[in-house]
Trainee: 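Below are the structure tokens for one structure; questions will follow.
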Amino acid sequence: MARQFILQTDDDPTLDQMQIPYAEELNAQQLDVVTFGTGASLVVAGAGTGKTRTLIYRVAYLVESGVAPEQIVLLTFTRRAANEMLNRASGLLDGRCRRVRGGTFHAFCLRILKQYASKLGFPNNFTMLDASDSADVIDVVKTSSGAESKEKRFPRKRTIQSIISSARNKGRSIQDVVEVSYPQFVDFTPQIETIFEAYETYKKVHGLMDYDDLLLYTLKLFSQEPGVLREVASQNRHVLVDEFQDTNRAQAKLVKAFSSVFGNVMAVGDDAQSIYRFRGADFQNILSFPDEYVGTQILRLEHNYRSTQHILDLANHLLDSAKRKYEKRLFTDRAEGDLPALVPAPDDRFESRFVSQMILQFRDQGIPLTEMAVLFRNGHNSYDLEVELNKKNIPFVKFGGLKLAEAAHVKDILAHLKVVENPQDAIAWNRILQLLEGVGPKTAGRIIDWVESNGGDQFILEERPFSASYIGSLRALFSTLRAVKKGEASCAEQLEIILEYYAPILRRVYYEDYPKREQDLEHFVGLSHTFTDRGNMLSSLALDPIELTAIDQQPEADDEPPLVLSTIHSAKGLEFKVVFLIHALDGVIPSGYSVGDAEAVEEELRLLYVAVTRAADQLFISYPMVQFRQFDGQYFANPSRFLANISSDLLEPCTLVEQTENVLPASDTIQQIADGSPNDAGTANLPF
DNA sequence: ACAAGCAGTTTTTTT
DNA sequence: AACTGCTTGT
């Protein structure tokens, strides 16, 4: 090892000269993290141990010790998390903290690539592909590369996209991924490999990048251009990484690269909360961190401030049953509170009525809706509940599930913007051309070829190698694109131009439900005022998608702050006083797709752990006993295998009973009734 | 030859 | 709700 010379910093303020009384506001472990000096550190932080709070104080501390805020990089999992942290840090100290750079790995890489794209042979106006755009590229190259087989079992475009993405994220070969995760398609491995190569070429030719490219091309840029690496890394005096257990190989390498000049990295994570294995995350990154950074200090946060002992007991029990043991035992000083409740409901409807009634009841007791959350494994698990909440006029926001930019009509208008931004973007062209009457895949392809070879990027139609049946619509399209491109119009104005052109198309294509979609688009235009330029807006929407339901809530801003509905994945890092976990069925959690793969089932168990540890005071786990399916009608569903055989000291089984006595005429309330003796191990009352 | 419409299947989780 | 395969219509 090279000799180290330590520079004395005697004029920097000491702890007691700082504005914030760190020693008073933090416990000893937290203070160690916050005041950590230079070099590499790994913070192993259990759920609810004040990890976010500690990071915020760390940022404030660094700023107070004289580090320029713009030299601090805070990498988080969502932009929501980054903004929240920086806002809180600003509240703690002052506005300087807002100048801290940060966001997701993808967003951070995008900013670098927008600067240096040309060094990689990409135009700097390259456009982003989301997962379904990527699948569309695959659809195109599948046919043109002749790899497609007429056999029935050829994988769908979405599946091929997942295979390719998985291989790239895990740094493995296509063959490996197919053999391990998609054994049913082993026979098609050569074709998938061909498609993969064609896919990579296609993106290069058309100036397109997918999510994985943002990470991988940034790494490529760094290895190809050491000067760029030095330039970027020398701006990062301190690198802080949240949720390190959910980073993949590429992200771990990026952290190394970002910190390669100063060597000051702090990675914070919890191996027990790793829930993104499916997209290449590897919690081994935590375990190998000390090997990667010689001299790493390992710091721990173990004191849970969030949950009652009962909730922690259940959480600890779940981890105990994991095959791979996590050396973690959370403890708290908090009073015991109520036992977590396991509530079987006869069916979906009962479950929804139960949850919504309990929510109203807690609200009457003074708990604001925002302090409560309903969590579920899949985005669609909450459909029935959403109907019930609407009926009862309970406002809610939903995180996870369909995103605004993923809705077909929004993708349509965004595709018009993309074409103006990057006329090479054949996928966007394809989308907007097929909206024209009389234009299908073949004709769209021919027009795209024409655009590429005839400078159609000026959107001028002179000759007409086109059929009369659609030349009119094509003219209208081109003149719209010219109008969008020409003016110095704002994003919102550009969208208005497109919308005016698109309105009749919307009505024709989505004749069944266009009013709803029109509303979405209007909200979307309103929202676009926050963006300054087109390129920025397009990439922001791809990287930090806005939830579709978040938009419905906007107009009535002074309404009661809403209840949170969220997939467990999207609830990461959040906490609530009251948590309902619904649809806790076997086949839902663990997902039916995971059974058979022990590692995948383990991840589902961690997912349940994450859900349970979101709760501070009250936890209700419910499931419908009967499920409906399209063809075989009703069938009985089993509760999650993770909840079977849990002692009633940890998770209290409860029953739901329909109210029989009519206290109120139109009462359809569900009444919780003690079944048998009060201390009977089998059942219990819920506090009505 | 190609588009459009219909019927039947298939759907995790996210940047 | 979206994708695939099939049939019909231009």
Side-chain angles (χ1 to χ4, degrees), chain A residues 75-81 103-110 128-132 134-136 139 148 150 152-159 162 165-166 168-169 209-215 243 246-248 250-251 274-281 375-381 383 399-403 405-409 411 433-446 467 469-470 508-513 517 539-545 547-548 566-572 583 587-595 600 603-604 606-608 610-611 629-631:
Chain A
L75 294 168
T76 52
F77 216 69
T78 60
R79 188 166 329 161
R80 184 156 53 108
T104 61
F105 278 90
H106 291 89
F108 197 70
C109 288
L110 176 70
M128 292 292 308
L129 298 170
D130 70 13
S132 76
S134 299
D136 288 343
D139 212 27
E148 195 180 18
K150 286 288 165 214
K152 286 228 159 139
R153 301 270 309 160
F154 198 78
R156 319 172 126 216
K157 57 181 183 178
R158 250 345 255 271
T159 313
S162 314
S165 176
S166 185
R168 302 180 76 209
N169 272 307
M209 286 209 196
D210 65 19
Y211 291 124
D212 306 328
D213 288 329
L214 294 179
L215 308 180
E243 311 280 8
D246 284 321
T247 54
N248 62 25
Q251 288 165 326
S274 151
I275 54 175
Y276 282 97
R277 196 186 81 111
F278 68 92
R279 72 167 205 214
L375 305 183
F376 33 86
R377 173 64 176 85
N378 303 321
H380 56 81
N381 293 148
Y383 286 169
F399 296 106
L402 202 62
K403 301 292 191 301
E406 287 166 359
H409 47 297
K411 293 204 73 161
L433 288 172
Q434 290 205 45
L435 289 169
L436 305 179
E437 235 173 339
V439 178
K442 291 287 149 117
T443 311
R446 254 184 270 130
S467 149
S469 57
Y470 52 80
R508 172 171 55 82
V509 178
Y510 306 102
Y511 56 93
E512 286 161 306
D513 60 349
R517 294 176 191 261
S539 38
S540 295
L541 285 170
L543 292 178
D544 192 31
E547 315 286 335
L548 192 54
S566 177
T567 57
I568 302 174
H569 284 90
S570 300
K572 193 153 108 102
H583 266 70
V588 175
I589 182 164
S591 155
Y593 296 89
S594 69
V595 299
E603 174 145 308
E604 300 283 317
R606 294 194 294 270
L607 198 53
L608 179 60
V610 169
R629 225 167 20 193
Q630 214 82 43
F631 287 101

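Note that these values count all heavy atoms, side chains included, but never hydrogens, waters or copies made by symmetry. Keep in mind the model is a prediction, meaning the values are calculated, not measured. Below, read A as the first sequence line, B as the second, and so on, with proteins coming before strands; counting in each chain starts at 1.
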Trainee: Name the closest nucleotide to the Phe278(A) side chain, picking from dT15(B), dT13(B), dC3(C).
Mentor: dT13(B)
Trainee: Find the distance Asp213(A):CG to dT15(B):P and express it as a whole number of Å.
Mentor: 17 Å
Trainee: In terms of side-chain heavy atoms of Asn378(A), which of dC2(B), dT15(B), dT12(B) is nearest?
Mentor: dT12(B)
Trainee: Please work out if Glu437(A) contacts a base, only the sugar-phosphate, or nothing of the nucleic acid, heavy-atom cut-off 4.0 Å.
Mentor: sugar-phosphate
Trainee: Which of these nucleotides, dT15(B), dC3(C), dC2(B), is closest to any side-chain atom of Lys442(A)?
Mentor: dC2(B)
Trainee: Among residues at least two apart in sequence or on other chains, which ones pass side chain to side chain contact (heavy atoms under 4.5 Å, CB included) with Arg156(A)?
Mentor: Thr159(A)
Trainee: Measuring from the side chain of Arg377(A) (C-beta onward, heavy atoms only), which nucleotide among dT10(B), dT13(B), dT15(B) has the closest atom?
Mentor: dT13(B)
Trainee: Could you tell me how far apart Tyr511(A) (OH) and dC6(B) (P) are, to the nearest whole angstrom?
Mentor: 6 Å
Trainee: Working to the nearest 0.5 angstrom, can you tell me the gap between Thr443(A) OG1 and Leu436(A) CG?
Mentor: 10.0 Å
Trainee: Categorize Ser591(A) for me: base, sugar-phosphate, or nothing, with a 4.0 angstrom heavy-atom threshold over every strand shown.
Mentor: base
Trainee: Nearest of dT13(B), dT4(C), dT15(B) to any side-chain atom of Arg279(A)?
Mentor: dT15(B)
Trainee: If the threshold is 4.0 Å, N to carboxylate O, is there a salt bridge linking Asp130(A) and Lys403(A)?
Mentor: no
Trainee: Does dT13(B) have its OP1 or OP2 closer than 4.0 Å to a side-chain nitrogen or oxygen of Ser570(A)?
Mentor: no
Trainee: To the side chain of Pro441(A), which of dT15(B), dA3(B), dT4(C) is closest?
Mentor: dA3(B)
Trainee: Expressed as a whole number of angstroms, how long is the span from Tyr470(A):OH to dT10(C):C1'?
Mentor: 14 Å
Trainee: May I have the distance from Leu214(A) (atom CG) to dT14(B) (atom P), rounded to whole angstrom?
Mentor: 18 Å
Trainee: Once you apply a heavy-atom cut-off of 4.0 Å, does Phe105(A) come out as touching a base, just sugar-phosphate, or nothing?
Mentor: nothing
Trainee: What nucleic acid atoms does Ser594(A) come within less than 4.0 Å of, heavy atoms only: base, sugar-phosphate, or nothing?
Mentor: nothing
Trainee: Is it true that the side chains of Ser570(A) and Thr567(A) contain a donor and an acceptor less than 3.5 Å apart?
Mentor: yes
Trainee: Quick one: on DNA chain B, does Gly438(A) or Tyr593(A) contact a more 5' nucleotide (nearest heavy atom)?
Mentor: Gly438(A)
Trainee: Check the distance between dT15(B)'s P and Asp130(A)'s CG and give it to me in whole angstrom.
Mentor: 12 Å
Trainee: Looking at Arg277(A), I'd like to know whether one of its side-chain N or O atoms comes within less than 4.0 Å of OP1 or OP2 on dT13(B).
Mentor: no
Trainee: If you assign Thr443(A) and Thr104(A) each to the DNA chain B nucleotide with the nearest heavy atom, which residue ends up on the more 5' nucleotide?
Mentor: Thr443(A)
Trainee: Figure out the CG/P separation between Asn381(A) and dT13(B), and round it to whole Å.
Mentor: 8 Å
Trainee: Would you kindly give the CG-to-P distance between Asn169(A) and dT13(B), to the nearest whole Å?
Mentor: 17 Å
Trainee: Atom CZ of Arg158(A) and atom C1' of dT4(C): how far apart are they, to the nearest Å?
Mentor: 15 Å
Trainee: Restricting to side-chain hydrogen bond (donor to acceptor under 3.5 Å, both in side chains), what partner residues turn up for Glu604(A), sequence neighbours left out?
Mentor: Arg377(A)
Trainee: Need one value for Val439(A): base, sugar-phosphate or nothing, where a base atom within 4.0 Å counts as base even if backbone is also close, heavy atoms only.
Mentor: sugar-phosphate
Trainee: Look at Arg279(A) together with Asp246(A) and state whether they make a salt bridge at an N to O cut-off of under 4.0 Å.
Mentor: no
Trainee: Which part of the nucleic acid, if any, lies within contact of Gly592(A), taking any heavy atom under 4.0 Å across all strands shown: a base, the sugar-phosphate backbone alone, or nothing?
Mentor: nothing
